[in-house]
Every structure is written in structure tokens, then in C-alpha cells.
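The next block holds one structure in the form of C-alpha cells; read it before the comments.
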Amino acid sequence: MFTPGQRDRTRARLLAHAESDDSITGFAYTGSLGTGTGDRWSDTDIVLAVRGAIAEAVGRWTAWIYDELGARHHWDLGVGGTSVIRVFLLPGWVELDLTFVPESEFGARGPAWQTLFGTPHEQPPFPPPDRNTVIGHAWHHTLHARICLARGHSWQAAHWINALRDQVITLACLRLDLPTAYSKGAHLLPDEVTTPLESTLIRSLTEPELRRALTATITVTATELDRSDPELAARIGPMLTELT
């Protein structure tokens, strides 16, 4: 694993390269760097403001990161629109998330932002997850976990049970105004939410254990649904109980 010094030297080289690139008009940290809450394990999230064609800048920077920083792999996080988020794996397990945006879209969309150079422009905030969609995923995952159990597809049943737990965590974070992406707010949830979730963990792929875990997960789903949307819980809750 990387050392903080190795990661910090990489960040310094990225900043110097951006300052020498005439097509880059802005450089900002986001994520934990943007709020000053990073720790020894934090990755590097950077937004670059690009003058001109985004694709050309992405191509040049990708080649430079492979040649100069020894990148091992990269992939793109699909966000739509004109921006590109390219995620790199560097030696020592240094993760680098580079977001390339047009000059007009350079600016904070949330509290995690620190401008190092360039002029940020006001941007609309990222919308939170749609609660109705999260609830829809919850009942969908419940149904398919139960169907997989009936079919004897243990691995697929485990997949849906685990995915259902993720929706419960997202729904609780949404209700309590905590970060929702990638369970970033899970460690801030109260014990009344997290303690029952422990019973949803799958210990083996035997049918009795999967049925036990599904029942436990349905129970916490119904509880959270009642806290988040009592009216909808009254309609869906009895149907969830049918699947235990």
C-alpha cells in the first residue's frame, strides 16, 4: 500500500502538470481533500477545467499518467453530459479520480471543494438519490431474493439479500441527511439502525441460513420504510411480510 508521502508527491506532480498545460484553466480538490477531512488512506479526487475539446485533454492526460506516473489501469465512471470522470490505478494502490469539465462547468456542486487555481463558476448541487427509486429497489430486491431461494439459486439469492441491505442503508442515510453514495454515511447512523443490520449478514449459503438472513433483512427494511414513508409502508409492509 502507498505511503502518505508517495501519494502527496503524486498530487504535487499533478498540480505542476496542470499549471504547465495551457488547456487546463482550473484545478480543484474534491472528496475528503476538498473538506480537509482526508486521512492516511484517502484517495485523490481532482477536477480539471478544460479549455477546448474535452476528449483531447483526456487523451493527453491519460498518456502522461501512464508514461510519467506508471498507471496500471483506468476506467471511466459514466456520468453523461460533457464531463469525463477517469479513474486510475497507480503503483502502490494509489487511486486517482480525475474529472474533466468544460470551463463553464468548473465549480463546486457540494461542500467538498477546494480551488487551487482557476475561477470557479456557480453550479447546481448534485441531487440526492430519489427516495421513491430507493424504495422501489428495496421491494424489487426483496422479491428477487425470495424467487432465487425458491429456485435454489443460493449465490444469486445472497446477491439480492446483500443488495437489499445496501438500499436500507441508503434510505436511512437519506432520511437522516447523511452522505448516501457508497455508504459513506453508514458509520454515522445511530445504533437503532445499525444494530439490527448485523442480523442480516449471511453466514453460509445453506437454504435455512439464507431464509433467516432474508427474513432479518425484510424486517429491517420494513422498519426503515415505516420511518421514511409511513404511508407507503402501510401499503407495502404487509406484502413484504408475505415473503418472510
Side-chain angles (χ1 to χ4, degrees), residues 30-31 35 45 76-85 87 97 99 101 105 107-113 122-151 153 155-202 210-244:
T30 60
T35 56
D45 300 284
D76 289 348
L77 180 63
V79 292
T82 55
S83 300
V84 174
I85 301 178
V87 183
D97 300 353
T99 300
V101 301
E105 296 178 22
R109 295 180 181 270
W113 181 274
E122 185 174 350
Q123 303 295 327
F126 288 120
D130 176 62
R131 185 180 64 179
N132 190 59
T133 301
V134 176
I135 292 172
H137 283 156
W139 67 251
H140 171 275
H141 297 354
T142 303
L143 173 62
H144 284 269
R146 182 65 183 83
I147 290 172
C148 290
L149 277 173
R151 290 171 173 166
H153 296 175
W155 280 106
Q156 194 176 13
H159 164 81
W160 287 119
I161 293 169
N162 291 332
L164 174 57
R165 185 191 311 111
D166 293 342
Q167 298 305 313
V168 174
I169 293 172
T170 299
L171 193 58
C173 288
L174 189 60
R175 172 173 59 86
L176 297 171
D177 197 26
L178 297 173
T180 56
Y182 308 113
S183 290
K184 289 183 177 181
H187 68 289
L188 301 173
L189 289 170
D191 290 344
E192 67 177 8
V193 174
T194 57
T195 298
L197 283 170
E198 295 178 15
S199 66
T200 70
L201 299 174
I202 299 170
L210 288 170
R211 288 184 179 276
R212 183 210 62 78
L214 177 57
T215 295
T217 312
I218 290 174
T219 299
V220 299
T221 301
T223 299
E224 181 53 45
L225 183 58
D226 189 55
R227 291 169 176 157
S228 296
D229 193 331
E231 182 181 348
L232 186 56
R235 297 200 303 269
I236 297 179
M239 296 181 66
L240 291 174
T241 302
E242 292 176 16
L243 299 181
T244 59

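In this text the structure is predicted, and so the values were computed from the model without any measurement.
Side-chain contact check for R146 versus W160: every heavy-atom pair is 4.5 Å or farther apart. Contact check for E224 versus R175: side-chain heavy atoms found under the 4.5 Å cut-off. Within the 4.5 Å cutoff, the side chain of H141 has no heavy atoms near those of the D166 side chain. Here the side chains of S228 and V134 are not in contact, with every heavy-atom distance at 4.5 Å or above. In this structure the side chain of L164 reaches within 4.5 angstrom of the side chain of T221, judged on heavy atoms. Taking the side chain as every heavy atom from C-beta outward, P128 and L174 approach each other to under 4.5 Å.
To the nearest 0.5 Å, atom CG of residue L225 and atom CZ of residue R131 are 9.0 Å apart. Going from atom OG1 of T142 over to atom CD1 of I147 covers 11.0 Å, rounded to the nearest 0.5 Å. Here the straight-line distance linking atom CG of L240 with atom CG of L143 works out to 10.0 Å at 0.5 Å rounding. In this structure, CG on L197 lies 8.0 Å from CG on L189, to the nearest 0.5 angstrom. I161 CD1 to R212 CZ: the interatomic distance, rounded to the nearest 0.5 Å, is 9.0 Å. To the nearest 0.5 Å, atoms OG1 (T200) and CG (N162) are separated by 8.0 Å.
Nearest heavy-atom pair across Q123 and A108 is CB-O, 3.6 Å. The two residues E105 and S83 come nearest to each other via the heavy atoms OE1-OG, 3.4 Å. Annotation for P230 and D226: closest pair CG-O, 3.2 Å, computed over non-hydrogen atoms. In terms of heavy-atom proximity, V193 sits nearest to R227 at CG2-NH1, 3.8 Å. The heavy-atom pair separating A186 from T194 by the smallest distance is O-CG2, 4.1 Å. Pairing each heavy atom of A112 with each of G31, the nearest pair is CB-O, 3.4 Å.
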Evaluation steps, side-chain contact (heavy atoms from CB on, under 4.5 Å), between R109 and E122:
CA-CA 8 Å; R109 295 180 181 270; E122 185 174 350; over 6 Å; no
Passes side-chain contact (heavy atoms from CB on, under 4.5 Å), T99 versus T30? Steps please.
CA-CA 10 Å; T99 300; T30 60; 6.0 Å; no
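With a 6.0 Å radius and a threshold of 12 heavy atoms from other residues, nucleotides or ligands, E231 has its CD atom at or below the threshold. More than 12 non-hydrogen atoms from other residues, nucleotides or ligands lie less than 6.0 angstrom from CG of D76.
Partner of L243 under the side-chain contact (heavy atoms from CB on, under 4.5 Å) criterion, out of L149, I218, L214: I218 alone.
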